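Data block below; observations after.
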Amino acid sequence: MALVEFADFSFKYLGADSLALRKVSASVNEGEYVVITGPSGCGKTTLCRTANGLVPHFHRGYIAGNVFIDGQNTRDATVAKLASTVGLVFQNPANQLVTLNVEKELAFGPENLGVVPEEVRQRVEEIIDLLNLEHLREKHPHEMSGGEQQRVAMGATLALKPKVLVADEPTSNLDPRSAELILDIIANLNKRNGMTVILVEHRLDLVAKDASRIILMDKGQIIADGIPRDVLSMDISSEIGVGIPKATQVYKRLQAKGIELSRVPLTGEELALLVGEAKRR
Amino acid sequence: MMSFLEVFQYTRQDSAVHNLDPRSKMMLAFTLAVISLLFLNIIPLMIILMAMLPLLAAAKSLRRWARSMKGMSYLLLFIIIFNTLLSTVSNPFSHSIALAIRLLALMTSFSIFFLTVHPDQLAQALIQMRVRFEFAFAMSMAMRYVPTLGQEAYAIMDAQKARGVELDKGNVLKRIRNIVPIIVPLIIVSIRRALSVAESMESRGFGASENRTYMELLRFRRRDWAVLFVSILLLVGSIYTRLFVTLPIWMLFQLPF
Ligand SMILES: Nc1ncnc2c1ncn2[C@@H]1O[C@H](COP(=O)(O)OP(=O)(O)OP(=O)(O)O)[C@@H](O)[C@H]1O
Ligand SMILES: [Mg+2]
């Protein structure tokens with residue numbers, strides 16, 4: 001069975017008039033890097049909450065279908081029990097930092113789960129190394145920039161040693177440079193450490209090249225699911241208005257004018273290469 | 001104006017007092033406060049106050065303390081004048097002076113604790129004194145979000161001013177009414193934030209395990225035992241003195257009016 005498996009899952013928040021998720025079916029295997037995108041209100045955040053049991057245990061509502069995380073049905077497992085399998089990073093960094101310094105923040109999760117003190121210390125040091133947090137060690141959340149806060153928030157989640165990292169628009173409150181840094185860290189976690197990643201992101205030009213799959217959502221449904229080149233070149237992607245990389249847009253215009261490139265480019269460099277190739281032909 | 005409250009605010013320092021266990025400091029501060037409450041004569045209270053100065057010096061906070069006390073001088077003056085005028089005891093001025101010194105001594109004893117104990121350490125001390133983790137953590141979270149709330153209040157004030165709400169105009173009643181467009185959004189924003197914070201904490205296993213661990217436990221060292229022992233000795237000694245010993249005349253000295 002896949003690491004994350006949505007089986008015909010539907011969800012309606014208590015008090016809402018429409019379904020936030022309708023019959024969502026998808027699975028994510030170990031080592032994948034899945035990017036979820038789609039217009040505002042299409043249910044991306046709800047999907048993330050579903051992955052670690054916040055839906056239906058924290059956000060109540062009506063559910064149909066099942067979600068299996070590493071073989072456990074989220075209907076039965078508590079959020080706390082899923083915490084060491086699925087790590088969730090949220091949009092607003094300030095709301096994820098609940099202690100008075102970085103060390104405490106990183107230790108918070110493992111301590112909650114009852115990890116022995118020596119190992120908590122060891123994990124904290126590992127994360128500080130991995131995410132370059134040494135200079136922030138003693139800092140109060142208020143003494144850090146948004147980008148630094150988000151890095152710490154991600155570290156605090158990674159300290160739980162989850163099998164899947166789920167990040168819900170972790171960069172939307174950040175300036176472009178901090179955003180790139182965070183996305184680089186995520187891509188590296190996937191590449192070097194083999195971490196399974198599910199990332200909600202609008203700036204596809206920054207992530208499409210690293211992602212192994214893109215899931216496109218609209219009105220609570222998955223409307224496209226496949227490798228980035230396929231999904232981004234579909235007509236439906238431009239119809240619902242997702243942030244298609246410039247290079248891919250150029251590809252589509254060239255195609256409309258009868259110039260066929262050998263594959264779909266995702267970055268400027270790739271596009272230049274392909275155009276050069278086409279010219280020589 | 002409120003600068004005297006600085007003596008209750010933690011300052012990061014590397015000093016012998018800072019490095020003591022918060023629990024021994026708690027006992028020390030408690031003892032000093034009780035002793036200040038036991039006596040109401042100028043000389044004994046002065047002795048207590050003076051005895052605390054070396055402690056502040058050891059905490060490298062003497063200057064901060066002095067500055068705050070200067071900030072408090074108006075309040076003290078006020079207390080002395082009013083007490084002298086309204087008091088019914090035989091030597092009202094002398095009595096008022098003693099009261100003022102007692103207030104100083106009380107504040108100083110608590111400041112020795114709060115100046116040198118980080119809120120995190122205080123929370124940890126409470127936990128190790130069998131206070132439930134949730135309560136101790138709530139306290140440290142309050143410290144965490146006070147500045148955030150302040151920022152939010154300013155942002156809302158700016159937004160309302162931009163929309164033409166005149167916050168600092170009019171008489172007292174009008175000004176009080178003006179608080180409403182600040183408070184209401186602030187409450188709504190805070191509730192939303194609280195939900196989002198709770199979501200994040202839940203996702204990291206808050207309240208999951210009955211046997212939560214702590215990366216670092218506070219440890220009582222020999223010097224902490226020494227402080228504890230001395231504090232208890234002082235406490236018992238002064239209670240005994242107060243109840244069963246008649247103080248020598250010079251200690252009972254009063255100003256003549
Ligand atoms: N706590 C809630 N209670 C009730 N309805 C909710 C709640 N959270 C979200 N919804 C509704 O569920 C639907 C999906 O919301 P969701 O937050 O999952 O969208 P999203 O894709 O994350 O949007 P965005 O890009 O704006 O973050 C929306 O119609 C929203 O109004
Ligand atoms: Mg969202």
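We use all heavy atoms of the structure for the numbers below, so side chains are in, but hydrogens, waters and symmetry mates are not. Below, chains carry the letters A, B, ... as their sequence lines are ordered, and counting in each starts from 1. This one's a predicted model, so the numbers in the text were calculated from it and none came from an experiment.
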Please report the shortest heavy-atom distance between [X] and [Y], naming the atom on each side.
| X | Y | result |
| --- | --- | --- |
| Leu100(A) | Pro119(B) | CD1-CB, 3.7 Å |
| Val86(A) | Pro162(A) | C-CB, 3.9 Å |
| Phe114(B) | Phe8(B) | CB-O, 3.3 Å |

[X] side chain to [Y] main-chain N or O, any donor-acceptor pair under 3.5 Å?
| X | Y | answer |
| --- | --- | --- |
| Ser10(A) | Ile63(A) | no |
| Lys44(A) | Gly38(A) | yes |
| Asn190(A) | Met195(A) | yes |

Could you tell me which of Ala83(A), Gly114(A), Gly109(A) has the largest number of non-hydrogen atom pairs under 4.5 Å with chain B? Gly114(A)
With chain B, which of Ala159(A), Pro141(A), Gly87(A) has the greatest number of heavy-atom pairs at distances under 4.5 Å?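 That would be Pro141(A).
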Record all donor-acceptor atom pairs with a distance under 3.5 Å between chain A and chain B; write none if the list is empty.
from	atom 1	to	atom 2	distance (Å)
Arg49(A)	NE	Glu199(B)	OE2	2.6
Asn52(A)	ND2	Ser203(B)	OG	3.2
His59(A)	NE2	Glu199(B)	OE2	2.8
Ala94(A)	O	Arg144(B)	NH2	3.0
Ala94(A)	O	Tyr145(B)	OH	3.2
Asn95(A)	OD1	Arg193(B)	NH1	2.3
Asn95(A)	ND2	Ser196(B)	OG	2.9
Gln96(A)	O	Arg204(B)	NH2	2.5
Leu97(A)	O	Arg144(B)	NE	2.7
Leu97(A)	O	Arg144(B)	NH2	3.3
Leu97(A)	O	Tyr145(B)	OH	3.0
Glu105(A)	OE2	Arg204(B)	NH1	2.9
Glu105(A)	OE2	Arg204(B)	NH2	3.2
Glu111(A)	O	Thr213(B)	N	3.1
Glu111(A)	OE1	Arg212(B)	NH1	3.1
Glu111(A)	OE1	Arg212(B)	NH2	3.2
Glu111(A)	OE2	Met215(B)	N	2.7
Asn112(A)	OD1	Arg212(B)	NE	2.8
Asn112(A)	OD1	Arg212(B)	NH2	3.2
Asn112(A)	ND2	Arg204(B)	O	3.2
Val115(A)	O	Thr213(B)	OG1	2.5
Arg121(A)	NH2	Glu216(B)	OE2	2.6
His142(A)	NE2	Thr148(B)	N	3.3
His142(A)	NE2	Thr148(B)	OG1	3.4

Atom pair CD1/CG of Ile69(A) and Leu3(A) - distance to nearest 0.5 Å: 7.5 Å
Heavy-atom distance under 4.5 Å to chain B: side chain of [X], backbone, both or neither?
| X | answer |
| --- | --- |
| Val89(A) | neither |
| Pro110(A) | backbone |
| Leu113(A) | both |
| Leu97(A) | both |
| Ala153(A) | neither |

I need the single residue from Val115(A), Val116(A), Val124(A) that forms a side chain to side chain contact (heavy atoms under 4.5 Å, CB included) with Met215(B). Which is it?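 So the option named by the test is Val124(A).
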Checking Phe6(A) now: which residues fulfil ring pair (Phe, Tyr, Trp, His ring centres under 6.0 Å) with it, not counting sequence neighbours? none
Is Phe58(A) atom CZ crowded by more than 12 heavy atoms from other residues, nucleotides or ligands, each under 6.0 Å away? yes
With respect to chain A, which residue among Ala208(B), Gly207(B), Pro147(B) yields the maximal number of heavy-atom pairs within a distance under 4.5 Å?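 Highest number of heavy-atom pairs under 4.5 Å: Pro147(B).
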Turns out that what part of Ala198(B) lies under 4.5 Å from chain A's heavy atoms comes down to both
